[in-house]
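One structure is given here, and the rest of the page talks about it.
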Amino acid sequence: MRLPYDRRHNRLLGFALASVLLVAPATAALGTASAAPAAPSPQARTSPYDATIRITEHGIPHIKADSFPGVAYGAGWITTAESTCNMMDMLLTARGQRSLYLGPDGSYADNVGGSGTNLEWDTLVTDLRNRHVVEKLLDDPVRGPSARAKAMVVAETAGINDWLSTNTITDPACADQTWIKPDITTTDVWYAFYLAQLISSTTQFLPAITEATPPSAASRPAPRPTRAQVRAAWEQPDGFGSNATAVGGNDTTTGRGMILGNPHFPWLGRYRFTQMHLTVPGKLDVAGGALTGFPAINIGFNKDVAWSHTVSTARRFTPYQYTTAGTPTSYETAGGGTAELDKRDVDVQVLTDDGVQTVTKTLYRTPQGYVINAPSFYMSWTADSFWAIRDANAEHLRTFDTFLSMNMATSVRDLLRRQDAGGGIPWVNTTAADRAGNVLYADHSVVPNVTNKLADKCMTDTGRLLFGLAGIPGLDGTRAATSCKWGTDKDAERPGIFGPSHLPSVITRNWVMNANDSYWTPSNTIRLTGFSRIIGCESCQRTMRTKMVQAYVVDQLKQGKESPATLASHEYANRVYAAEVARVGGRLDQVCDATGLTKACQVLHDWDGRSDPTSSAGAAIFEEFVRLASANKVSLWTVPFDADHPLTTPNTLSTGQAVVDTMKAAIETVTARFDLTDTYGDMHVSGDRGSAGWPLGGGLGDLSGDANVTKGGADPVLDPVTYGSSHIQAIAFTGKTGITARTILTYSQYEDPTSPWSDDQTELFSQEQWVRFPWTSAQIADQLVDTIHLGGS
């Protein structure tokens with residue numbers, strides 16, 4: 001039985017008092033508690049860092065220190081308390097030791113693209129460490145981090161180790177793991193940052209890199225995939241996306257900027273957000289969401305600027321195709337020469353039934369990067385040719401510096417300037433708003449400097465096919481170091497990537513958005529064109545989700561300007577745009593009636609057209625309908641896409657037999673598990689670890705036109721939700737200094753299911769409510785739960 005919120009709150013308070021009595025040491029100064037500290041305060045311990053962490057309702061930490069390293073120390077300490085198992089698992093991966101402690105055969109997916117066995121992960125990471133990739137970047141004055149960033153990582157590492165040294169792990173997922181020790185190094189943390197840079201590039205090819213072997217004379221070529229299969233293989237990983245809308249002063253009731261940001265990320269594993277507020281008086285004051293283990297804000301706001309990110313369509317790498325020279329491991333080079341692949345034997349320690357043993361794996365590299373064997377991408381290793389990947393995000397360690405600098409921006413123009421100077425936005429667009437009423441959309445991320453002209457000059461025959469299917473220019477490896485190497489822009493932060501003058505952006509006082517389609521249509525009136533294809537497509541089809549995100553603003557502006565309340569309301573409106581299009585002319589009813597399933601069709605007819613928890617089973621039927629149509633390649637629309645009308649085409653639901661059959665299958669899928677009298681929320685519930693299974697709104701996203709994306713497992717409609725909407729923020733600047741900050745962390749702040757803060761925001765998300773994020777000192781004092789003082793030598 002679900003407890004009403006006031007009774008649940010009392011239950012949390014009881015947990016709080018027990019926790020305080022059991023573990024609170026004399027060094028912790030407790031504030032007026034209205035809930036519980038979910039992690040023990042520190043034992044007496046000397047430290048070169050001083051930080052004060054004020055915990056407010058929902059376990060949100062406000063970390064204040066007199067230096068940047070002090071803030072990082074506090075962030076490392078409290079994030080370890082909040083996400084102990086996830087943090088340690090992330091660092092174990094960054095050490096290349098998953099096989100040593102968890103066995104080689106277990107699978108590990110970062111849930112944003114990288115998926116493989118523990119042995120495959122360890123093979124890649126061990127080779128990176130053997131080549132001292134991060135260590136070399138740390139010493140690189142152009143591609144490496146600043147002295148300030150290095151000092152902060154030293155401090156963060158100390159915070160992680162100090163928490164582990166003085167606290168008992170209560171999370172049952174890792175409480176008994178003997179490998180978790182306070183022996184984390186700064187190198188471990190930097191490798192964790194580095195792997196995060198590679199999630200749209202190198203780690204997507206993890207099995208293709210670690211299992212690539214030269215073909216033998218007896219090898220048979222892998223079956224050639226269809227073009228549709230190749231195109232699907234190159235698509236962004238499912239569940240890896242986001243929405244962001246920024247409305248400028250011309251279109252707001254305040255005359256100031258405001259933003260609604262909703263990143264769609266996994267609810268489980270490495271890439272969860274944690275909420276933080278970081279303050280170094282006079283230098284830094286910023287709040288928002290940070291990916292686990294990151295001591296700066298990735299998506300958030302300060303007193304003048306708010307921003308969010310969406311995954312960009314730009315590619316972070318290029319494949320190079322090499323012609324072999326007599327053997328599968330030798331290749332032709334420019335000028336008629338030949339070279340031999342760099343063969344790298346990698347020793348990985350693995351846990352077996354007979355104890356720890358060494359397994360040796362072999363990787364191959366060219367000067368551009370790892371050799372892959374990826375038949376599903378048209379990139380097989382054959383007797384005649386092979387492919388290697390050059391990864392732009394593998395050539396720098398600037399991401400932390402870039403985000404930290406953005407945290408101190410004073411306007412959207414300054415935010416973009418800091419991005420460009422940092423050169424480390426790895427794989428996302430930026431949408432932002434400022435107090436002056438300006439808004440920004442930009443894809444100024446790290447992109448290989450491969451112009452259309454260079455691509456046309458250098459693509460191989462297969463590379464040209466990849467370019468047409470997925471915008472991936474497959475280049476001639478023979479000339480990789482000469483006429484086909486990446487270009488350099490004078491305004492770029494470093495060689496090999498595009499500078500800001502060749503990347504898309506717009507600043508306006510009206511409105512902009514992105515929902516993971518390319519940069520081409522940041523609003524219903526703005527068009528950005530003339531950029532290189534590797535960044536994204538132009539005059540190409542928009543998803544139903546993009547159309548829904550734009551329609552919210554367009555429809556509101558027909559009635560009046562956007563207010564802080566109306567913009568925030570779009571998050572929970574849960575309109576299903578594809579259903580709105582399908583219902584035109586009664587065609588959705590016609591399709592359903594043709595199935596002969598009268599009762600279900602009446603439910604679908606009466607459905608309110610939304611994916612609210614209280615909506616009828618019609619929501620689940622429609623979501624399943626579009627899901628099955630996509631899975632079975634059933635074309636739903638009779639009017640095709642028209643680039644002159646990108647936001648209204650395709651349209652007109654087909655009433656053909658294949659569509660009718662798909663509707664019947666959707667109804668049967670729903671009714672096999674649920675009754676038609678059940679609500680959508682009965683069928684669509686939270687599924688993160690420790691959740692009570694709260695009824696949720698939202699749905700599939702691109703296919704259905706849900707802006708509020710919430711998806712499950714094998715059946716993303718009916719299985720418990722484990723990814724989608726995550727750290728949501730609706731930020732509005734008001735007057736000279738005011739900020740209205742609504743946030744929700746959909747899976748809650750703490751991972752440990754024994755914590756009272758592991759499911760409380762998930763309940764609020766289910767109820768379509770917001771957390772009023774405490775920003776000012778008075779707001780923090782009003783919501784104060786606990787004050788923790790760290791350090792002091």
Subject >> Backbone of Thr710 reached by a side-chain donor or acceptor of Ser725 within 3.5 Å >> reply: no
Original post:
Within the distance-only criterion (no hydrogens, no angle test), does the side chain of Gln749 pair as donor or acceptor with the backbone N or O of Gln275 below 3.5 angstrom?
Top reply: yes
**OP:** Kindly say whether Phe265 contributes a backbone atom to a donor-acceptor pair with the side chain of Arg272 at under 3.5 angstrom?
**Re:** no
Original post:
How are the rings of Phe273 and His727 set relative to one another: parallel (under 30°), tilted (30 to 60°) or perpendicular (over 60°)?
Top reply: tilted
Original post:
Any Lys/Arg nitrogen of Arg417 or Asp420 sitting under 4.0 Å from an Asp/Glu carboxylate oxygen of the other?
Top reply: no
**OP:** Using modelled atom types only, decide if a donor and an acceptor are shared between the side chain of Ser766 and the backbone of Thr762 within a distance under 3.5 Å.
**Re:** no
Subject >> Separation between CG of Leu397 and OG1 of Thr399, rounded to the nearest 0.5 Å >> reply: 7.5 Å
Original post:
Is there side-chain contact between Ser726 and Tyr747, with heavy atoms separated by less than 4.5 Å?
Top reply: yes
Original post:
Cut-off 3.5 Å, side chains only: do Tyr73 and Asp162 have a donor facing an acceptor?
Top reply: yes
**OP:** To the nearest 0.5 angstrom, please state how far the CE atom of Met276 sits from the OG1 atom of Thr79.
**Re:** 5.0 Å
Original post:
Considering the options Asn516, Thr430, Val428, Asn262, which one meets the side chain to side chain contact (heavy atoms under 4.5 Å, CB included) requirement together with Thr310?
Top reply: Asn516
Subject >> Ionic contact status for Asp183 with Arg95, cut-off 4.0 Å >> reply: yes
Original post:
Between Gln761 and Leu745, is there a donor-acceptor pair closer than 3.5 Å when you use the side chain of the first and the backbone of the second?
Top reply: yes
Original post:
Got more than 12 heavy atoms from elsewhere within 6.0 Å of NZ, Lys150?
Top reply: yes
**OP:** Look at the aromatic rings of Phe765 and Tyr572 and report parallel, tilted or perpendicular, splitting at 30° and 60°.
**Re:** tilted
**OP:** Could you check His789, Lys64, His62 and say which one makes a side chain to side chain donor-acceptor pair (under 3.5 Å) with Thr52?
**Re:** His789
**OP:** Write down the atom of Ile259, the atom of Ala432, and the distance for their closest heavy-atom approach.
**Re:** CD1-CA, 4.0 Å
Original post:
Is it true that Asp414 and Arg418 make a salt bridge, defined as a side-chain N closer than 4.0 Å to a carboxylate O?
Top reply: yes
Original post:
Just by distance, with hydrogens left out, do Glu135 and Tyr191 show a side-chain donor and acceptor under 3.5 Å apart?
Top reply: yes
Subject >> Check: Lys303 main-chain N/O paired with Arg435 side-chain donor or acceptor under 3.5 Å >> reply: yes
**OP:** Could you tell me whether a side-chain N or O of Thr274 sits under 3.5 Å from a main-chain N or O of Thr292, the two making a donor and an acceptor?
**Re:** no
Original post:
What's the verdict on side-chain hydrogen bond (donor to acceptor under 3.5 Å, both in side chains) for Ser312 and Asp443, showing C-alpha distance, side-chain angles and the deciding distance?
Top reply: CA-CA 7 Å; Ser312 156; Asp443 187 349; 2.5 Å; yes
**OP:** Nearest 0.5 Å please: distance from the CG atom of Asp89 over to the SG atom of Cys174.
**Re:** 9.0 Å
**OP:** To the nearest 0.5 Å, tell me how far Trp77 CH2 sits from Leu790 CG.
**Re:** 5.5 Å
Original post:
Between Gly248 and Val439, which heavy-atom pair has the shortest distance, and what is it?
Top reply: N-CG1, 3.4 Å
Original post:
What's the shortest heavy-atom distance between Asp401 and Ser146, and which atoms?
Top reply: OD1-OG, 2.5 Å
Original post:
So, does Asp188 use its side chain to make a donor-acceptor pair with the main chain of Leu91 at under 3.5 Å?
Top reply: no
Original post:
Between Arg772 and Asp782, does at least one N-O distance fall below 4.0 Å, as a salt bridge requires?
Top reply: no
Original post:
Would a distance-only check, ignoring hydrogens and angles, find a side-chain to backbone donor-acceptor pair under 3.5 Å from Glu571 to Leu260?
Top reply: no
Original post:
For Arg270 and Ala196, which heavy atoms make the closest approach, and how far apart are they?
Top reply: NH2-CB, 3.7 Å
Original post:
Looking at CG of Asp752 and CD1 of Ile169, how far apart are the two atoms once the value is rounded to the nearest 0.5 Å?
Top reply: 10.0 Å
Original post:
Are the side chain of Trp307 and the backbone N or O of Asn407 linked by a donor-acceptor pair below 3.5 Å?
Top reply: no
**OP:** Could you tell me how the ring of Phe294 sits relative to the ring of Phe400: parallel (under 30°), tilted (30 to 60°) or perpendicular (over 60°)?
**Re:** perpendicular
**OP:** Considering non-hydrogen atoms only, spot the tightest contact between Ala568 and Arg742 and give its length.
**Re:** CB-CD, 3.7 Å
Subject >> Heavy-atom closest pair, residues Gly76 and Met87 >> reply: O-CE, 4.4 Å
Original post:
Going by atom types only, do Tyr441 and Asn429 share a side-chain donor-acceptor pair under 3.5 Å?
Top reply: yes
Original post:
Hey, what do you get for CD1 (Ile425) to CD (Gln419), rounding to the nearest 0.5 Å?
Top reply: 4.0 Å
Subject >> Donor on one side chain, acceptor on other, His277 and Asp285, under 3.5 Å >> reply: yes
